[in-house]
Amino acid sequence: MREPILKAVANPPKLLWGAYLPVLLNLGIQFPAMFSAIGMFAVNPLIFIFSIVLTHVAIVLWGGKEPHISNMIQAYGQTFRITNNLYKTKGNKFEP
């Protein structure tokens, strides 16, 4: 096997030392919430900065323990789909 393939599998992508997808979710949720709270309620942004940093540190620690967490989140999103059953049965059944 080629070395770049092994590096891609062994070293999943990181953003600011944390797993890529959780970091993007953290920043994608907290930054708009921070700017909305500042604009609507004149909240001190320091509260949100501490929250963003603490959450990021938790993600970095979690990513150190489980480096492939981004792939696990993506796989869960692809497999956890509610299907429409063609025949009346209990539970979700995959029918052709």
Side-chain angles (χ1 to χ4, degrees):
M1 255 189 220
R2 293 183 178 165
E3 186 178 339
I5 294 173
L6 292 175
K7 281 186 177 179
V9 172
N11 298 324
K14 295 190 180 278
L15 180 66
L16 301 172
W17 304 283
Y20 191 74
L21 190 59
V23 169
L24 284 181
L25 290 172
N26 177 35
L27 297 177
I29 291 171
Q30 290 206 31
F31 272 122
M34 176 179 69
F35 290 127
S36 298
I38 291 170
M40 289 189 287
F41 306 114
V43 176
N44 187 356
L46 205 54
I47 297 168
F48 286 98
I49 298 299
F50 285 134
S51 172
I52 290 169
V53 170
L54 287 176
T55 307
H56 186 74
V57 167
I59 290 171
V60 168
L61 293 174
W62 186 25
K65 184 178 178 185
E66 183 58 61
H68 295 284
I69 194 67
S70 294
N71 295 335
M72 292 169 55
I73 292 171
Q74 288 174 347
Y76 178 77
Q78 292 173 1
T79 58
F80 190 69
R81 291 188 179 144
I82 297 175
T83 62
N84 294 328
N85 296 339
L86 296 176
Y87 310 108
K88 285 191 174 186
T89 58
K90 259 189 171 178
N92 292 326
K93 305 270 191 271
F94 292 101
E95 298 289 341

query = How far apart are the closest heavy atoms of Pro22 and Ile73, and which atoms are they?
reply = CG-CD1, 4.0 Å
note = Note: Ile59 and Ala19 closest approach over all heavy atoms is CG2-N, 4.2 Å
key: Those residues that, when tested against Leu61, pass side-chain contact (heavy atoms from CB on, under 4.5 Å) (two or more places apart)   = Val57
query = Listed by chain and number, what are the side-chain contact (heavy atoms from CB on, under 4.5 Å) partners of Ala37, not counting sequence neighbours?
reply = Val43, Phe48
[Y] reachable from [X] in the ILVMFWY side-chain graph, under 4.5 Å edges:
X	Y	result
Ile29	Met34	no
Leu15	Leu21	no
Trp62	Trp17	no
Tyr20	Met72	no
Ile49	Leu16	yes

ask   = Hey, are the side chains of Phe31 and Ile52 touching, using non-hydrogen atoms and a 4.5 Å cut-off?
value = yes
key: Heavy-atom donor-acceptor pair, Thr55 side chain to Ser51 backbone, under 3.5 Å   = yes
